[in-house]
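Please read the structure below before turning to the comments.
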There are 2 protein chains.
Amino acid sequence: MDATLDTLEAPPASKDRLRLWIRLLRAARIVEGELRERLKTNFDTTLPRFDVMSALNRQPEGMLMSDLSRFLLVSNGNVTGIVDRLVSDGFVVRSNREGDRRTSIVRLTDAGAERFAAMAAAHEIWIAELLAEVSEGDARKLSSMLKAFRSNWESEH
Amino acid sequence: MDATLDTLEAPPASKDRLRLWIRLLRAARIVEGELRERLKTNFDTTLPRFDVMSALNRQPEGMLMSDLSRFLLVSNGNVTGIVDRLVSDGFVVRSNREGDRRTSIVRLTDAGAERFAAMAAAHEIWIAELLAEVSEGDARKLSSMLKAFRSNWESEH
DNA sequence: CCAGATTATTTCAACCTTGAAATTTTATGC
DNA sequence: GCATAAAATTTCAAGGTTGAAATAATCTGG
């Protein structure tokens with residue numbers, strides 16, 4: 001009963017976590033908004049398309065649609081639409097996998113790989129600039145904290 | 001010239017920031033996805049609606065549409081749609097401001113305030129649970145880092 | 001006073017996103 | 001072998017999101 005009361009009365013510990021979450025979300029939105037605008041201006045593309053191309057770039061042999069959605073933490077139907085648009089842009093191709101007609105393997109075209117290389121270089125510079133005020137030490141500490149958070153999450157789900 | 005080369009060759013410093021950003025984004029997506037699902041299941045609502053109600057709850061006298069979009073870091077048009085749906089849910093009202101017929105003041109109804117109180121209590125518990133593995137000290141340090149990031153950003157923009 | 005600038009908001013098209021249902025193909029138990 | 005389950009993907013409706021254009025009201029300099 002004490003525990004229940006403690007929880008309902010919202011002790012400092014939960015307020016701290018709440019404040020952390022709100023600030024983390026705000027920081028993420030600020031950076032995302034900036035990236036969205038720059039990708040649009042400089043490369044006439046969107047953040048979701050960039051994310052998909054980035055995932056595909058790490059797997060030159062290609063990925064299944066379901067690999068993509070799992071990796072990007074978005075739904076299957078979502079990936080379908082984004083890949084459709086990247087295909088009509090000529091940056092991505094779907095190809096059939098031998099022996100399983102349910103699946104299609106998605107990979108970057110040469111044009112896609114080339115375009116991604118240019119975007120990735122700019123993207124890295126933008127991030128360095130936007131996060132410039134985070135000290136080297138803070139960046140590493142925070143980074144390893146967030147890595148632990150994710151590993152922990154994935155091992156539980 | 002050295003500086004240019006350094007930047008193009010992506011020295012460790014920019015790689016660290018990039019890694020930090022990617023992990024921060026992933027953590028945010030994990031938590032957001034979980035919150036979205038729980039808000040849907042338990043309160044039949046969405047994260048954007050919750051965000052708007054949360055903003056309005058801090059200003060019982062109401063907010064202008066433009067105050068809302070500025071505070072939430074989203075576009076004007078976006079807020080129009082979300083508020084429309086909250087109005088038809090009966091949780092929010094628009095009222096005219098004396099002396100300026102361009103603006104409308106938006107505030108929670110009694111039903112909205114009551115509903116928000118229930119959601120906020122659950123939300124705080126969920127966040128405490130999801131971020132439980134972040135230590136008290138880390139939470140505070142990270143929190144103040146992110147606060148500094150935001151202040152810095154806002155003073156520059 | 002009043003034309004033009006500014007401000008607050010809405011509208012709209014295009015895209016992103018989810019979650020559930022539908023489709024198609026492959027695997028499995030009997 | 002065949003019915004049924006499982007898997008991979010697409011389709012779809014509802015809602016969220018942006019950025020630009022349209023509306024409408026207020027402010028301002030001359």
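Throughout, a chain's letter reflects where its sequence line sits, starting with A, and its residues are numbered from 1.
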Review point. Salt bridge between A:D16 and A:R19, side-chain N to carboxylate O under 4.0 Å?
Key: yes

Check your understanding: Parallel, tilted or perpendicular: which describes the rings of B:F149 and B:W153, with under 30° parallel and over 60° perpendicular?
Key -> parallel

Study note, to complete from the structure: B:E32 meets the salt bridge (Lys or Arg N to Asp or Glu O under 4.0 Å) criterion, sequence neighbours left out, with none

Review point. Taking atom P of C:dG19 as reference, at what distance in whole Å does atom CG of A:L73 sit?
Key: 12 Å

Review point. Quick one: OG on A:S95 to CD1 on A:I105, what's the gap to the nearest 0.5 Å?
Key: 5.5 Å

Revision key, fill the gap. Sorted by chain and residue number, the side chain to side chain donor-acceptor pair (under 3.5 Å) partners of A:T46 (sequence neighbours excluded) come out as none

Point to revise | A:K141 bridged to A:D138 by N-O distance under 4.0 Å | key: no

Listed pairs, N/O of protein and of nucleotides 4-6 of chain C, under 3.5 Å:
none

**Study point:** 5' precedence on DNA chain D between B:D100 and A:D67 (nearest-nucleotide basis)
**Key:** A:D67

Review point. Whole-Å distance between D:dA8 P and A:M63 CE?
Key: 14 Å

**Study point:** Residues which pass side chain to side chain donor-acceptor pair (under 3.5 Å) with B:R26, listed by chain and number, not counting sequence neighbours
**Key:** none

Check your understanding: How close or far is atom C1' of C:dA8 from atom CG of B:L68, stated in whole angstroms?
Key -> 13 Å

Study note, to complete from the structure: A:I105 CD1 to D:dT9 C1', in whole Å, measures 14 Å

Exercise for review: Would you classify B:R94 as touching base, sugar-phosphate or nothing, given that sugar-phosphate means primed atoms plus P, OP1 and OP2, and contacts are heavy atoms under 4.0 Å?
Suggested key: sugar-phosphate

**Study point:** Main-chain N/O of B:V134 paired with A:R17 side-chain donor or acceptor, under 3.5 Å
**Key:** yes

Point to revise | B:R49/B:D89 salt bridge by N-O under 4.0 Å criterion | key: yes

Revision key, fill the gap. Atom CG of B:L72 and atom P of D:dT18 are separated, to the nearest Å, by 10 Å

Check your understanding: Between A:M65 (CE) and D:dT11 (C1'), how many Å, whole number?
Key -> 12 Å

**Study point:** Close approaches to DNA chain C from residues 23-50 of chain B, in residue order (heavy atom, under 4.0 Å)
**Key:** B:R36

**Study point:** Rounded interatomic separation in angstrom, taking CG from A:D89 and C1' from C:dC15
**Key:** 12 Å

Study note, to complete from the structure: Rounding to 0.5 Å, atoms CD1 (A:I82) and CG (A:D51) come to a distance of 8.0 Å

Review point. Which of residues 74-83 of chain B have a heavy atom under 4.0 Å from DNA chain C?
Key: B:N76, B:G77, B:T80

Review point. Are A:F50 and A:V92 joined in one hydrophobic group, where the rule is that I, L, V, M, F, W and Y side chains link up if heavy atoms are under 4.5 Å apart?
Key: yes

Review point. Which comes earlier along DNA chain C counting from the 5' end, the contact point of B:R70 or that of B:D84, where each point is its nearest nucleotide?
Key: B:R70

Check your understanding: Over how many whole Å does the gap from B:R101 atom CZ to D:dA24 atom P extend?
Key -> 12 Å

Check your understanding: Quick one: does A:S155's side chain have a donor or acceptor within less than 3.5 Å of a partner on A:N152's backbone?
Key -> yes

Point to revise | Distance test, side-chain N/O of B:S66 to OP1/OP2 of C:dT9, below 4.0 Å | key: yes

Review point. Are OP1 or OP2 of C:dA8 and a side-chain N or O of B:S104 less than 4.0 angstrom apart?
Key: no

